[in-house]
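Notes follow the structure.
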Amino acid sequence: MAEKRTLEFENNDLLPLLFGEHNAHLAYLENKLDITIADRGNILTLSGRKRAIKAAEHVLQSLWKKLDNSEDVGLPEIDAAIRFLDDKKQNGDKSSNGKGKMNGSDTIIKTKKKSIAPRSPNQAAYMDAIENNELVFGLGPAGTGKTYLAVAVGVSLYLQGKVERLIFCRPALEAGERLGFLPGDMQEKVDPYLRPIYDALHDMMPWDEIMKKIETGDIEIAPLAFMRGRTLSNAFVILDEAQNTTATQMKMILTRMGESSRMVVTGDITQTDLPNGVKSGLRDATEILSDEDSIKFITFENSDVVRHPLVSKIINAYDRAK
């Protein structure tokens, strides 16, 4: 049986942002929840099943709160609000990672260029884990924000003066290629492998400032091999694409941690580019360290993918084909 509910919003200046261009946000929400939304000035009338109406009300109020806090709102934020609501229904006061109940608006990272908020309960738990633990593993498929959110927390800690350096590294091995066969000097060879790090940083800091910090050594972006023999103190360290490390390399980087350092290790164990028969250092580390209470493991799922909606469908299709 269809029900109706009305919502009234007081600030008319924010209404166009809430509704979206040509009411695109309302239309998207109608399609996602199978309801109808009629707008008359600052009043919305929601019609549909009781549970769907309640969900739509929650989403709209969540978006309104973001707008009231001068945050951006778009289709990804609608999806995020629905994810948090679904998680609350399924897990009550516990998120899927065993953390306390978390809402996307509770954890916001503010950098010089934008504010960054989690878009799923797992992302919220991940950001919370990074902020409160010295070593965190972020595991799961591409598009779940493992690297991007880690960079965001690292930049925030750096801007707050809680760490003195940002160090980002990746094993220089992907898609069956080897550096020796690529043209250019060493920097030109490794830059393509490290480009996702640069892209994430560029979202959070002005480009000229990034380059200055790289020149002074406050920011270092380098292949994993460059970390050998060093002690990384007072630093925030990210090891990205860790599934492409060997067990020896993984032990090497984990034992580089120095005083007042934090480290985040990210990767997807199912996507290793290592030669056949070589065990991934990421898989090895998760097996060896899983019982260590002081080390946090956050595992993302296909439902956490925040790229184009087709990405989740592609990942699920490949999983079914195995």
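Between S47 and K4, the shortest heavy-atom contact is OG-CG, 3.4 Å. Counting all heavy atoms, side chain and backbone alike, W64 lies closest to N11 at CH2-O, 3.2 Å. Across every non-hydrogen atom of Q249 and T245, the tightest pair is OE1-CA, 3.3 Å. In terms of heavy atoms, M257 sits closest to E134 at CE-O, 3.6 Å. Across all their heavy atoms, N133 and R262 have their closest contact at O-CD, 4.1 Å.
Of the possible polar contacts, none joining the N42 side chain to the E8 backbone as a donor-acceptor pair under 3.5 Å is found. Under a 3.5 Å cut-off, the side chain of D86 and the backbone N or O of R83 do not form any donor-acceptor pair.
E241 has a carboxylate O that lies under 4.0 Å from a charged side-chain N of R170, or vice versa, which qualifies the two as a salt bridge. Taking 4.0 Å as the cut-off between side-chain N and carboxylate O, E209 and K113 do not count as a salt-bridged pair. Taking 4.0 Å as the cut-off between side-chain N and carboxylate O, R5 and E57 count as a salt-bridged pair. Between K146 and D268, no side-chain nitrogen of the basic residue sits less than 4.0 Å from a carboxylate oxygen of the acidic one, so the salt-bridge criterion is not met.
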> When you look at F19 and I37, which way does the side chain to side chain contact (heavy atoms under 4.5 Å, CB included) test go after all the steps?
Replying inline: CA-CA 10 Å; F19 293 0; I37 303 176; over 6 Å; no

> What's the verdict on side chain to side chain contact (heavy atoms under 4.5 Å, CB included) for I82 and K32, showing C-alpha distance, side-chain angles and the deciding distance?
Replying inline: CA-CA 9 Å; I82 293 173; K32 292 284 288 188; 4.1 Å; yes

>> What verdict does the side chain to side chain contact (heavy atoms under 4.5 Å, CB included) test give for K213 and L166, after you've listed the backbone C-alpha separation in whole Å, the side-chain angles of each residue and the deciding distance to 0.1 Å?
In response: CA-CA 9 Å; K213 298 298 183 184; L166 298 174; over 6 Å; no

>> Run the side chain to side chain contact (heavy atoms under 4.5 Å, CB included) test on F297 and E292 for me, step by step, so that the C-alpha distance in whole Å, both residues' side-chain angles and the decisive distance to 0.1 Å come before the verdict.
In response: CA-CA 10 Å; F297 291 84; E292 294 291 335; over 6 Å; no

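Of the candidates V59, V73, L60, V59 is the only one forming a side-chain contact (heavy atoms from CB on, under 4.5 Å) with I78.
Expressed to the nearest 0.5 Å, how far OG of S280 lies from CG of N244 amounts to 7.0 Å.
Applying the salt bridge (Lys or Arg N to Asp or Glu O under 4.0 Å) rule to D203 yields the partners K114; only residues at least two apart in sequence or on another chain are considered.
Counting non-hydrogen atoms of other residues, nucleotides and ligands closer than 6.0 Å to CG of D72 gives a total of 12 or fewer. The environment of R51 atom CZ is sparse: at most 12 non-hydrogen atoms of other residues, nucleotides or ligands sit within 6.0 angstrom.
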Tell me which donor-acceptor pairs under 3.5 Å the side chains of residues 149-156 have, and how far apart each pair is, sequence neighbours excluded?
{"from": "S156", "atom 1": "OG", "to": "Q160", "atom 2": "NE2", "distance (Å)": "2.8"}

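The aromatic rings of H202 and W207 sit perpendicular, their planes meeting at an angle over 60°, well past the 30° parallel limit.
Under the 4.5 Å side-chain contact rule for hydrophobic residues, I43 and I53 do not share a cluster. Hydrophobic cluster membership differs between L85 and I35, with clusters built from Ile, Leu, Val, Met, Phe, Trp and Tyr side chains linked at under 4.5 angstrom.
Considering only heavy atoms from C-beta on, T111 stays 4.5 Å or farther from M205 through its side chain.
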